[in-house]
There are 2 protein chains.
Amino acid sequence: MAPPLDQRLPSPALTVDAVVFGVDDGELKILLIQRGMVPFAGSWALPGGFVKLGEDLEKAVRRELESEAGVRPSRLEQVAAYGRPDRDPRQHVVSIAFAALVRLDQHSPHAGTNTRLAAWFAVDRLPELAFDHALIVRDALARLRSELSHTPVGIDLLPPKFPLRDLQHLHEQISGRSLDKRNFRRSVLDSGLLQELDEREPAARHRSARLYSFNQDACSALET
Amino acid sequence: MAPPLDQRLPSPALTVDAVVFGVDDGELKILLIQRGMVPFAGSWALPGGFVKLGEDLEKAVRRELESEAGVRPSRLEQVAAYGRPDRDPRQHVVSIAFAALVRLDQHSPHAGTNTRLAAWFAVDRLPELAFDHALIVRDALARLRSELSHTPVGIDLLPPKFPLRDLQHLHEQISGRSLDKRNFRRSVLDSGLLQELDEREPAARHRSARLYSFNQDACSALET
DNA sequence: CCAAAAGTGTTTCACTTACACCCATGA
DNA sequence: TCATGGGTGTAAGTGAAACACTTTTGG
């Protein structure tokens, strides 16, 4: 099945990359890092880096996200592995991509805390990306879309209390189509995942919206 | 983002593993290889092996499948990457798992052609598996199940001409539940993916069934 | 003529979609 | 009082699920 480990051939390098989704200003955005060195110096790329020997993949992603952008996502899910030999011009690098959801309200206002220049970009207005990262983003978005119907993605993207309008906008952003207000409310309320709160939004010059929160118990019961 | 390649730390080894599905004797089976060496010498495992530098992941899987079991699958799809540091007792090995579909009628009757002992096992009667391969099989099965609704999996598992009964049995095997004959026929015929042939099964001591084939054009039109 | 599997329609139910107006609030 | 967004119900349509008998064939 495999040669003994101590006499095996050189193998590709292994990295992880993360597509970090967040909602900012009502828009779905992803976190990008500006590269400091060749190849693709100066262009934008997904946060990520090499996996250390003995390190779990998910831990590697969290370590890189923390150090590159000061971000601690609540949930991480694998998207796919990318292994085309020419995807990195230097040498063969296989990357395992993760999708992460973060609540921007929990993180330092906007950009990176630590070493590199980090910024949030609306998913429909991304700059040119290094390597095959545009492909990875496409796949991660597709995955997020398909999860939209099965799992309460809002729980990891919205603040703890939110009006239904924001949840609807989030779903519209992710699915890329506009939804009927009444149908959306019915389906999401009937699902039993939301908790109606006795609070309302700060008053504007119109009727203020009721706030909701996710019902943690009902949501975690879904996972099984 | 990453240290220069020539001064980076030692990184985990990289392998690919394949869950090869086939239909044999009306049952859904997967291909296993008996390991010849430690660890897990003598126990059954998924076919797979190390990825060579510069080699595409899918090519690596095909190479291993060809050499370990003489199998050439028509379609390969990624399942996930498995990276727990303790999944291989020797050292940290990250494996990218693929699911493959093969038509057993196209391959040498049963076991491996080449080097190792290979055999087909019904998915519901698998032996103990090495490493975390039982987990990988579970995930691959889950993926196959979810594809059942979207894609014509039969095209890669059944012979070119088959009675509807066989297709229904296949769907029942994969989904793990029994299906209503009339509803199944209606839905699969309405889908337009099948071509009704002017042939029937060899006669038994009962009415012989009409044969069908997949409409290649309609199927490939789906992929978009 | 009997055993064995092939083949065939209709009804019911749940779910999704489309659709328009009144209400509360602050400026 | 007006502009702005919050909040509400019903009807039609579409797709899934349940359900039983007749037909063909070879032995």
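Below, chain A is the first sequence line, B the second, and so on; all start at residue 1.
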Could you tell me how far apart [X] ([atom1]) and [N] ([atom2]) are, to the nearest whole angstrom?
| X | N | atom1 | atom2 | result |
| --- | --- | --- | --- | --- |
| Glu201(A) | dT25(C) | CD | C1' | 13 Å |
| Leu211(B) | dA6(C) | CG | P | 11 Å |
| Arg207(B) | dA6(C) | CZ | C1' | 5 Å |
| Gln168(B) | dA5(C) | CD | C1' | 12 Å |

Lys/Arg N to Asp/Glu carboxylate O, Arg143(A) vs Glu147(A), below 4.0 Å
yes
Electrostatic pair Glu27(B)-Arg125(B), nearest N-O below 4.0 angstrom
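Salt bridge flag = yes for Arg125(B) with Glu27(B).
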How close do [X] and [Y] get, heavy atom to heavy atom, and via which atoms?
| X | Y | value |
| --- | --- | --- |
| Gln34(A) | Gly42(A) | NE2-O, 2.9 Å |
| Val61(A) | Ala18(A) | CG1-CB, 3.8 Å |
| Arg87(B) | Ile136(B) | NH2-CD1, 4.2 Å |
| Ile96(A) | Ala81(B) | CD1-CB, 3.5 Å |

So which of residues 143-152 of chain B are in contact with DNA chain C, with a heavy-atom cut-off of under 4.0 Å?
none
Using heavy atoms and a sub-4.0 Å distance, could you list which residues of residues 172-191 of chain A are near DNA chain C? By number, please.
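The stretch gives Asp180(A), Arg182(A), Asn183(A), Arg186(A) as the residues lying under 4.0 Å from the strand, ordered by number.
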I need the full list of salt bridge (charged side-chain N to carboxylate O under 4.0 Å, His left out) pairs touching residues 155-177 of chain B, with sequence neighbours left out, sorted by first then second residue.
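Qualifying pairs: Arg75(B)-Asp156(B), Lys161(B)-Glu199(B), Arg165(B)-Glu201(B).
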Hey, does the side chain of Arg210(B) come within less than 4.0 Å of dA5(C)'s phosphate (OP1/OP2), counting only N and O?
no
So the contacted stretch of DNA chain D, first to last nucleotide with an atom under 4.0 Å from a non-hydrogen atom of chain B, runs from dA17(D) to dG27(D)
Donor on one side chain, acceptor on other, Asp17(B) and Tyr82(B), under 3.5 Å
no
Sorted by position of nearest nucleotide on DNA chain D, 5' first, the leading residue of His206(A) and Leu164(A) is His206(A)
Which residues share a salt bridge (Lys or Arg N to Asp or Glu O under 4.0 Å) with Lys181(A), sequence neighbours left out
none
Candidate pair Val123(A) and Leu28(A), rule side-chain contact (heavy atoms from CB on, under 4.5 Å), full reasoning
CA-CA 6 Å; Val123(A) 289; Leu28(A) 184 67; 4.2 Å; yes
Give every residue pair that meets the ring-ring contact (aromatic ring centres under 6.0 Å, His included) criterion with at least one member in residues 150-182 of chain B, sequence neighbours excluded.
Phe162(B)-Phe214(B), His171(B)-Phe184(B)
